[in-house]
Trainee: 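Following this message is one structure expressed as structure tokens.
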Amino acid sequence: NSCLFSQFRGTTSTGCRPFDANADGVVFSEGAALVTLRRLQDAEQFNLPISAIIAGAGLSSDGKSPSANVPQSKGQLLSLERCYANYGIDPASIIAIEGHGTSTPVGDSTELVSLRSFFAEKHASSIPVHSLKGLLGHAGWAAGTASVIAVCEYLRNGLFPAQAAFRQPSTALLESSGTLTVPTHPITLPPHKGRIAIDGFGFGGANAHVVLEHYDAHKSKSKSTKISHSTTTPVDSELVIVAYHAELPTGSIRFERDQVKTPKKFIILPQLADDMDISQSLAIIVTEKVLQQIPQFDDALRRETSLLLAMSGKTERGVEATFRIMTERMRRGLLGNELLLGRLDAAYSTARPSGAYTLQCMMPNVASGRAALLLNLNGPNFVVDAGADSLQAVFTAAALLLGSGDKAGTKMVVVADIDTQSSHIANSAVDNGGLPASEFAAAYAVTTRRFAQLRGLRVICPVDQVFHPNE
């Protein structure tokens with residue numbers, strides 16, 4: 001990440017200092033983070049320790065954006081609006097915010113603009129904002145969960161920390177004066193009450209905003225937070241497939257890389273298009289083909305359409321980029337083994353060198369983000385990697401999104417499944433016993449039976465039939 005991120009000047013040369021006037025880039029770190037979620041009633045029944053209550057969450061995609069690595073305030077705002085509206089949370093009840101704050105000037109300023117825009121007329125005093133990345137760096141996939149753990153500790157200890165490495169407020173922070181502030185010393189939190197919000201804004205325009213609140217055993221909310229559901233029956237809420245499309249290689253088990261092209265109507269920089277992993281191109285193609293089958297797919301529905309992608313393992317472009325970085329080390333380890341050295345050299349000769357766009361072109365999660373960006377979708381987008389169970393896991397995630405409330409921002413989900421793992425790099429470097437896998441890409445438009453009826457959509461089959469064909 002650091003090697004590739006630095007190619008578009010995204011890494012710092014001086015240190016990580018979120019929200020500071022001298023912030024000049026991210027510091028990547030390593031880490032693992034795990035939290036256990038239980039229904040409140042169950043946790044109380046089994047007398048489990050409760051660190052915090054999830055009061056609400058909001059998800060969104062940026063939609064149209066100049067690039068997958070350029071955050072959009074309008075998309076971030078959507079995640080906040082959905083969180084507070086769907087769960088009936090009063091924004092004035094937020095006592096602090098654990099921000100995304102990566103220490104990149106564009107990212108930090110965009111986040112501060114989003115927070116200021118949302119809270120300016122809803123909060124009587126300045127809200128303290130903090131970013132854990134100033135202390136731990138950016139731990140990648142673990143960063144969001146690390147923020148959740150940190151907020152649980154803030155609530156438990158009754159203290160909100162000073163911002164590490166903060167010296168001078170950025171221009172965006174100065175412009176947010178009166179609404180937001182970055183603390184230079186720890187702040188004592190109100191005892192046993194209050195809510196802390198958490199931002200998570202990722203590459204590909206994927207946005208999340210979560211609110212945690214203090215658990216008070218004497219004022220238990222076992223009845224759980226009510227969300228904005230309409231009155232529905234089990235039949236109404238049944239998940240159904242209303243469109244599908246598949247792409248398969250022609251005359252081979254592999255897609256011809258130079259033949260899989262993003263439709264010309266989508267404006268993409270030539271250098272970016274040349275460097276883009278095939279999974280991103282296929283995600284755009286199959287998603288567009290599915291949405292073309294939806295009658296009257298207007299801006300309102302576009303705003304509430306999500307894109308979830310089942311895809312396991314590294315992308316081919318990611319393998320190439322990592323391979324070129326690691327080749328010399330591998331050569332040293334293979335000295336004397338001419339057969340493997342020959343295969344290594346053959347693989348290296350086909351691997352493209354990396355450039356300024358390689359990182360966003362190789363990241364698995366950007367495949368869904370790229371399609372959401374170009375097709376201007378504002379429901380949440382993300383990639384699920386559960387190995388052989390990835391597709392079923394994505395359908396489970398789709399069910400959760402479609403059942404998460406009328407104001408949650410998801411009325412339809414495009415479920416995509418892409419496998420381009422028969423990489424030419426792997427085939428060159430490894431003897432796979434002559435058993436190459438076949439590549440494919442497919443997408444399904446999924447919604448509830450009730451919404452399909454409201455929109456007059458043709459129901460192809462219930463989702464359950466995909467996994468339980470004998471029932």
Trainee: Under 3.5 Å, is there a donor-acceptor pair between the Arg17 and Ser103 side chains?
Mentor: no
Trainee: For the CG atom of Leu375 and the CZ atom of Arg302, what is their distance to the nearest 0.5 Å?
Mentor: 6.5 Å
Trainee: List in chain and number order the residues that pass side-chain hydrogen bond (donor to acceptor under 3.5 Å, both in side chains) with Arg82, two or more places apart in sequence or in another chain; answer none if no residue qualifies.
Mentor: none
Trainee: Is the count of non-hydrogen atoms from other residues, nucleotides or ligands lying under 6.0 Å from Gln292 atom CD greater than 12?
Mentor: yes
Trainee: Is there a donor-acceptor pair under 3.5 Å between the side chain of His214 and the backbone N or O of Gly158?
Mentor: no
Trainee: Heavy-atom count around Phe297 CZ within 6.0 Å, excluding the residue itself: above 12?
Mentor: yes
Trainee: Would you say that Ile196 contacts Ile97 through its side chain, given a criterion of any heavy-atom pair below 4.5 Å between the two side chains?
Mentor: no
Trainee: Suppose the criterion is salt bridge (Lys or Arg N to Asp or Glu O under 4.0 Å): which pairs have a residue in residues 110-124, not counting sequence neighbours?
Mentor: Arg116-Glu175
Trainee: So does Lys193 have more than 12 non-hydrogen atoms from other groups sitting under 6.0 Å from NZ?
Mentor: no
Trainee: Do you know the tightest heavy-atom contact between Leu34 and Thr145?
Mentor: N-CG2, 4.0 Å
Trainee: Could you check whether any side-chain heavy atom of Val129 comes within less than 4.5 Å of a side-chain heavy atom of Thr181, counting everything from C-beta outward?
Mentor: no
Trainee: Can any side-chain N or O of Asp108 pair as donor or acceptor with the backbone N or O of Pro18 at less than 3.5 Å?
Mentor: no
Trainee: So, using salt bridge (Lys or Arg N to Asp or Glu O under 4.0 Å) as the criterion, who are the partners of Glu304 when residues are at least two apart?
Mentor: Lys411
Trainee: Over 60° means perpendicular and under 30° means parallel, so classify the ring planes of Phe28 and His138, tilted if in between.
Mentor: tilted
Trainee: Can you name the nearest heavy-atom pair linking Leu135 to Ala164, along with the distance?
Mentor: N-CB, 4.2 Å
Trainee: Would you call Pro462 and Arg449 a side-chain contact if the rule is heavy atoms closer than 4.5 Å?
Mentor: yes
Trainee: Would you say Val463 and Tyr444 make side-chain contact, with heavy atoms under 4.5 Å?
Mentor: no
Trainee: As an exercise, state the distance from CZ of Phe395 to CG of Leu308, rounded to the nearest 0.5 Å.
Mentor: 10.0 Å
Trainee: Answer with yes or no whether the side chains of Arg370 and Gln360 bring together a donor and an acceptor at under 3.5 Å.
Mentor: yes
Trainee: Check the pair Val148 / Leu212 against side chain to side chain contact (heavy atoms under 4.5 Å, CB included), numbers first and verdict last.
Mentor: CA-CA 8 Å; Val148 170; Leu212 300 188; 4.1 Å; yes
Trainee: Heavy-atom count around Asn47 CG within 6.0 Å, excluding the residue itself: above 12?
Mentor: no
Trainee: Within a strict 4.5 Å, meaning less than it, do heavy atoms of the Ser131 and Gln163 side chains meet?
Mentor: yes
Trainee: For the atom pair CD (Glu320) and OG1 (Thr322), what is the distance rounded to the nearest 0.5 Å?
Mentor: 10.0 Å
Trainee: Would Val242 and Arg458 count as a side chain to side chain contact (heavy atoms under 4.5 Å, CB included) here? Give the steps.
Mentor: CA-CA 6 Å; Val242 294; Arg458 180 177 68 93; over 6 Å; no
Trainee: For Cys152 and Ala52, which heavy atoms make the closest approach, and how far apart are they?
Mentor: SG-CB, 3.9 Å
Trainee: Any side-chain to backbone donor/acceptor pair from Asn381 onto Ser61? Under 3.5 Å, distance only.
Mentor: no
Trainee: Apply the test side chain to side chain donor-acceptor pair (under 3.5 Å) to residues Thr410 and Ser306: give CA-CA distance (whole Å), side-chain angles for both, the deciding distance (0.1 Å), then the verdict.
Mentor: CA-CA 6 Å; Thr410 299; Ser306 302; 2.8 Å; yes
Trainee: Can you find a heavy atom in the side chain of Thr305 that is under 4.5 Å from one in the side chain of Val414?
Mentor: yes
Trainee: Is there a side-chain contact between Phe255 and Leu282 in this structure, where contact means two heavy atoms from C-beta onward sitting under 4.5 Å apart?
Mentor: yes
Trainee: Does Thr12 offer a backbone N or O that forms a donor-acceptor pair with the side chain of Asp24 under 3.5 Å?
Mentor: no
Trainee: Report yes or no: does Asp298 contribute a side-chain atom to a donor-acceptor pair with the main-chain N or O of Leu301 at less than 3.5 Å?
Mentor: yes
Trainee: Listed by chain and number, what are the salt bridge (Lys or Arg N to Asp or Glu O under 4.0 Å) partners of Glu288, not counting sequence neighbours?
Mentor: Lys265
Trainee: Spell out, as yes or no, whether a donor-acceptor pair under 3.5 Å connects the side chain of Asn157 to the backbone of Glu153.
Mentor: yes
Trainee: Does CZ in Arg303 sit with more than 12 non-hydrogen atoms of other residues, nucleotides or ligands closer than 6.0 Å?
Mentor: no
Trainee: Just by modelled atom types, is the Leu173 backbone N or O under 3.5 Å from a matching donor or acceptor in the Ser170 side chain?
Mentor: yes
Trainee: Ignoring hydrogens and angles, tell me if any N or O in the side chain of Ser65 forms a donor-acceptor pair with the backbone of Val70 under 3.5 Å.
Mentor: yes
Trainee: Examine distances only and state if a side-chain atom of Asn365 and a backbone atom of Val383 form a donor-acceptor pair shorter than 3.5 Å.
Mentor: no
Trainee: As a quick check of understanding, evaluate side chain to side chain donor-acceptor pair (under 3.5 Å) for Ser114 and Ser73, giving each step before the final call.
Mentor: CA-CA 5 Å; Ser114 301; Ser73 183; 2.9 Å; yes
Trainee: Which heavy atom in Gln280 sits nearest to a heavy atom in Cys361, and how many Å separate them?
Mentor: NE2-O, 3.1 Å
Trainee: Answer yes or no: is there a side-chain heavy-atom contact under 4.5 Å between Asp464 and Leu239?
Mentor: no
Trainee: Does the pair Leu59 and Leu401 meet the rule for a side chain to side chain contact (heavy atoms under 4.5 Å, CB included), with working shown?
Mentor: CA-CA 9 Å; Leu59 305 173; Leu401 289 177; 3.8 Å; yes
Trainee: If only atom types and distance count, is the side chain of Asp417 paired as donor or acceptor with the main-chain N or O of Ala442 below 3.5 Å?
Mentor: no
Trainee: Looking only at heavy atoms, what is the nearest atom pair of Lys133 and Cys16, with distance?
Mentor: O-SG, 3.3 Å
Trainee: So which heavy atom on Ala393 is nearest to which on Val384, and how close?
Mentor: CB-CG1, 3.7 Å
Trainee: Can you give me every donor-acceptor pair (side chain of residues 198-211, partner residue at least two apart or in another chain, under 3.5 Å) with its distance?
Mentor:
from, atom 1, to, atom 2, distance (Å)
Asp199, OD1, His209, ND1, 2.7
Asn207, ND2, Ser60, OG, 3.2
Asn207, ND2, Asp62, OD1, 2.8
Asn207, ND2, Gly75, O, 3.3
His209, NE2, Tyr84, OH, 2.8

Trainee: Dump the intermediate steps for side chain to side chain contact (heavy atoms under 4.5 Å, CB included) on Leu159 and Thr188, then the final yes or no.
Mentor: CA-CA 5 Å; Leu159 283 175; Thr188 300; 3.8 Å; yes
Trainee: Who passes ring pair (Phe, Tyr, Trp, His ring centres under 6.0 Å) against Phe160, sequence neighbours left out?
Mentor: His130, Tyr154
